[in-house]
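Ligands are counted one by one from 1 in listed order, and the atoms in each one are counted from 1 as well. Keep in mind that the numbers below use all heavy atoms, side chains included, and drop hydrogens, waters and symmetry copies. No experiment lies behind these values; they were computed from the predicted model shown.
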Amino acid sequence: MALVHNFDLQLHRRHTDAQMYTVYPDDVLPMHLAETDFSTAQPITEALMARAAFPAYGYTAERSTFPLAVSHWMSSRFNWTIEPEWVEYSPSVGSTVVFAIQSFTQPGDRIVIQTPVYHAFHTLIENSGRVKAENKLVLHEGRYDIDFDDLERQLAHPRTKLMVLCHPHNPIGRVWTPEELQRISELCLRHHVFVVSDEVHSDLVFAGHRHIPLPLISQAIAEQCIVAINPSKTFNLAGMRASAAIIPNRRWRDALRMTLISNKALDRPVFGMVALEAAYMQGGYYVDQLVPYIEANAQLVDAYLAKHIPGLSVIRPEATYMLWLDARKLGLKPEQLAPFFLTHARIGLRDGAVCGNGSGFLRMSIGFPRSVLKQALERLRSAAAGLKPRA
Ligand SMILES: Cc1ncc(COP(=O)(O)O)c(C=O)c1O
């Protein structure tokens, strides 16, 4: 019989070294981070416990089962057949972005990102001495679109060498369509720009939308990209430090591997590998139950804000448990928004400005049991009750 996961279960993670519970005082609900508060899938816990029972945890070999698990997940979830040798280990998606920057660009080169976007992309590019080239996404009637003329301008710049595509996109929740992916691919190919397709949120796509791994768009773009995935967001495994980079082209794969070797980053975590393999081999049932749960959470927040908090609204997501809230009509200055809700609602939210092109917006995680989410909404409502929203 298929396993049933209880996403209503409330874990008490404070004092377990969970990073998200160390940022704010104890009475604050931390909703700023892209991590769920759900327990992971039972087969993962069981596999970890079985491995823990054998009392030696030394250096780990390159397991042949790791690429097979990744390839199983890609074919069963996304209908993408990959060769096991395309799969490289990387500690995290963020690390893969850094290694790609080191492998395929020089200091001073430009790297395209589409803002507002996951804030670490900004810092990773800046810290590497490369230049951030922003293709600003355009909000039109409640949905973000790509300004393709601007994207082409950014890609055509002679120093642009790399694009980091966020697919699906955090925080605006778009699942890029085949047409959009086709146009992005054509432009990157035309201007010889390598793509890192960050597909860390690809498991979390809502009904009516479909995630298409970028390499499925064409053989040509498959040869000019890396797909970065990690079971971390889906299965609450970020502390395991085990992710995969899928690189169909051998030359690029060798280049990335050289960078991993020179950064001494190839050593695989014993438990991370076990967790990733259990997730990708046995975790399908969990995702099938998680996605409708998060989607219902998103609908709950949308309806609640529309009814109770004038001036604060949801940009309707097509994927992910990160909600992008439009707070421009709340009657506060953009820089006051996150501090206001921290002080008056005791809720930690991320200031949208850190994502670039996001001033006046807030990012909120809804990867919580519904009872916790409902309490959070009530706290937001009573905090906002004294505000004078703009029409
Ligand atoms: C789009 C995106 N990429 C990467 C990450 C981080 O993933 P990892 O822990 O694998 O670096 C996040 C986490 O918020 C994210 O939202």
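- Note on residues 44-68: pairs passing ring-ring contact (aromatic ring centres under 6.0 Å, His included), not counting sequence neighbours, are Tyr57-Phe271.
- For the salt bridge (charged side-chain N to carboxylate O under 4.0 Å, His left out) test, no residue two or more places apart in sequence or in another chain qualifies with Asp149.
- Geometrically, Arg183 engages Phe148 in a cation-pi contact, judged by NZ or CZ lying under 6.0 Å from the ring centre and within 45° of the ring axis.
- With a 4.5 Å cut-off on side-chain heavy atoms, Glu277 and His72 do not count as touching.
- For Ser71, there are no side-chain hydrogen bond (donor to acceptor under 3.5 Å, both in side chains) partners at least two apart in sequence or on another chain.
- Ring centers of His201 and His211: at least 6.0 Å apart, outside the cut-off.
- The contact shell of ligand 1, taken as protein residues with any non-hydrogen atom closer than 4.0 angstrom, comprises Ala34, Ser92, Val93, Gly94, Tyr118, Cys166, Asn170, Asp198, Val200, His201, Asn230, Lys233, Arg241.
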